[in-house]
Amino acid sequence: MSRPSPPAETLTLADARKEHARLGAEIAEHDRRYYAEDAPTISDAEYDALRRRYAELERAHPSLIDADSLSRKIGTAPSARFAKIRHAVPMLSLDNAFSEEDVLDFVGRIRRFLRLGEDAEIVFSAEPKIDGLSMSLRYEDGVLVTGATRGDGAVGEDVTANIKTLEDVPKKLKGKRAPKICEVRGEVYMSKRAFLALNKRQAEIGGQIFANPRNSAAGSLRQKDPSITASRPLGFFAYAWGEMSEMPAETQSGMIKWFETCGFKTNPLTKMCRSVEALLRFHREIEAQRATLDYDIDGVVYKVDRLDWQERLGYVSRNPRWAIAHKFPAEKATTIVRDIEIQIGRTGALTPVAKLEPVTVGGVVVQNATLHNEEEIKRLDVRIGDTVMIQRAGDVIPQVLGVVAEKRPAHAKEYHFPKKCPCPLHTDVVRETIAGGAEGARAHCTGEFACPYQTVEHLKHFVSRRAFDIDGLGEKQIEFFYEQGWVKEPADIFALEGRNKEIRLEEIEGFGETSVRNLFGAIAARREIPLERFIYALGVRHVGETTATALARGYGSWSAFHAACLKIAAGDEEAKQEMDALDQIGETVIDSLADYFGEEHNRRRVERLAKEVRIRDAEKPRSDSALAGKTIVFTGSLEKMTRDEAKAAAERLGAKVSGSISKKTDLVVAGPGAGSKLAKARELGVETIDEDEWLKRMER
Ligand code: IVH
């Protein structure tokens, strides 16, 4: 995209003016897509490059700076849907640093401005830069009166009704004496996990798919109906302020502590840094943790801690002189769509996948990106041959953000979603019906158990790590055994050894005597299996691990569970109600089990399988243990047991295991390498123990 531009100083004023105007329009358009549509089409790095060039032109030709200059505007004008709120103190943004040199310059500028000597200490408060949207919360006499987005920095959108639905936003400030006026500012964000779950739901109902957590947070906040916002898990970190009738602290860090006493969450990774080296170390440390954090960050922010210094340093155009954002390299990239293929899942769902020219994004080579469904292909207007922008966030499946329109070649080919399934059966593809009888976005193969693709995916699920977990029987072996006709359904796996006289697996390339012996050993070892694993392995839609465990606990034995499912499939209301009464089980799961067991073919497969294995009754949670009813979080690595074992043990003792720390957490078991979770636990005052102590408590 970027062809090298001549240095701005060498341009004539007329040429510079032309480029400045063109760039201005381009940036404004990208701002509109980003802020008003929550649908950017270029990466942050590319956007930053445009802005840098724009600023460079203005530096070389100051006469270009006029009232319309983008350098004087922030964000974009608020959209027409919400009432406007004028910020009592403008909401500004931050200058960016991309290199160590930029950070050195930043600190040097501060020294010069404050006339500090080379060795005078400047203390900085360093914190992650959250990739969400900024929010200003106004409290009068301690009561939340308005919540406003940044908008253009001067005027934002009134999202008060929506912001009140956030758990992290106190409706009243805690503490005895609240200031008359207090504006708390910070970032609204959506966790990566919530973002993925939301997109999954949206794909199922044919709703809007969001490109990243920031856009889904923005989309969720800017809803006309606050109950929609309420249903979307949004978080809020406080990190700045606007109008304050009195100042409760004299430093940035003091303000952050005060926000905490008022009932706000602040970022647990915030740290004091006393030198440039410490700032750069912080940048490296946070970048190393980036992928493991459950929220997106795009850099770190350094702020001069002393507020009297902040005041003296003041602002240059739209940015404070006392703070800077030190960005991370982008996790987005552009590449070419070579083809679009359909993947058929275990439940028959057809998912279009973009086959990409391999590209490295955030250190990982990406060759596939999901396109979710037919609607999404239409919305993005992706064609084969297009250059697209892709994004990878942590271990999330790469997504296509948009098409680079300028790069569309003449031969770009439109993609037609197949009417017939690409599986060997060529069944008709049907669109799922959703609540209310409308057509959903999810397309299905109607082949069910007759479709070889679905069958193979089913078998792969059956042997996967969290299901039967059979060593030496992975996806490749399953495909091979299926093709050979040896394994067509789960029960066949247990018949393999008996048939080996005719098959003679050890004579097939890639197997050998030892591996065959090991494989049969691993299969035999799984002839006894806990009920929850067995239920999960069946691969019933909507019955994931947690649900399977809840069902196993609820019924205790396979015979009780199986009988209940058969009754439900036959329409027995009483059996339905009984299942509905179980913790964590609702209508979706019940309907799905009814469908599954309503199918003669499934019933027979399950019965054949149940004859091959001994299904161990679920252990009833012990209610007499000291851990019963407690919520536990494991973090860091455990040395004496696996995470899964620890989880199972905790659940046996009647505890609940959670992945994230909140006020509801009772106990944190932290092993070596525990990072942000441990910090958060300490901050919330949650009891934290090591693995040895955990082993002791399990015994009690
Ligand atoms: S301080 C006057 N701290 O980044 C400076 N901003 O590019 C006020 N942001 O508009 C902002 N994390 O939306 C600050 N820890 C953090 C931040 C942060 C994210 C956002 C914020 C701001 C933008 C500036």
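Both ligands and their constituent atoms are indexed starting at 1 by order of listing.
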Before signing off on this row, confirm whether W322 and ligand 1 have an N or O atom pair separated by under 3.5 Å.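 No, W322 has no N/O under 3.5 Å of an N/O on ligand 1.
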So which heavy atom in the protein is nearest [atom], and how far is it from that ligand atom?
{"atom": "atom 11 (C) of ligand 1", "result": "Y239 CE1, 3.9 Å"}
{"atom": "atom 8 (C) of ligand 1", "result": "L92 O, 4.3 Å"}
{"atom": "atom 5 (C) of ligand 1", "result": "L94 CD2, 3.6 Å"}

Do S660 and V633 touch side chain to side chain, with heavy atoms closer than 4.5 Å?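 Heavy-atom side-chain distance check fails, nothing below 4.5 Å.
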So do W241 and C182 actually touch side chain to side chain, heavy atoms under 4.5 Å?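 Not touching, per the 4.5 Å side-chain cut-off.
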Selection from [options] by shortest heavy-atom distance to [atom]:
{"atom": "atom 2 (C) of ligand 1", "options": "P320, A325, G153", "result": "P320"}
{"atom": "atom 10 (O) of ligand 1", "options": "K327, E187, R150", "result": "R150"}
{"atom": "atom 1 (S) of ligand 1", "options": "M91, Q310, K303", "result": "K303"}

Restricting to pairs with a member in residues 230-259, which pass salt bridge (Lys or Arg N to Asp or Glu O under 4.0 Å), not counting sequence neighbours?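 Residue pairs with at least one partner in residues 230-259: R138-E243, R177-E246.
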Stepwise side chain to side chain donor-acceptor pair (under 3.5 Å) check, T266 with E260: CA-CA 7 Å; T266 63; E260 287 166 8; 2.4 Å; yes
With a 4.0 Å heavy-atom cut-off (strictly under), which part of [X] contacts ligand 1: side chain, backbone, both or neither?
{"X": "R185", "result": "neither"}
{"X": "P128", "result": "backbone"}
{"X": "K129", "result": "both"}
{"X": "V301", "result": "side chain"}

Does the ring of F124 carry K271 above it, NZ/CZ under 6.0 angstrom from centre and within 45° of its axis?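 Because its charged atom misses either the 6.0 Å distance or the 45° angle limit, K271 does not stack over F124.
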So that I can tick it off, tell me whether E56 and R52 are bridged by a salt bridge, with the cut-off set at under 4.0 angstrom between side-chain N and carboxylate O.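 Judged by the 4.0 Å cut-off on N to carboxylate O distance, R52 and E56 do not form a salt bridge.
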Contact list for residues 272-291, test ring pair (Phe, Tyr, Trp, His ring centres under 6.0 Å), sequence neighbours left out: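 As it turns out, the ring pair (Phe, Tyr, Trp, His ring centres under 6.0 Å) pairs with a partner in residues 272-291, which skip direct neighbours, are H283-H326, H283-F328.
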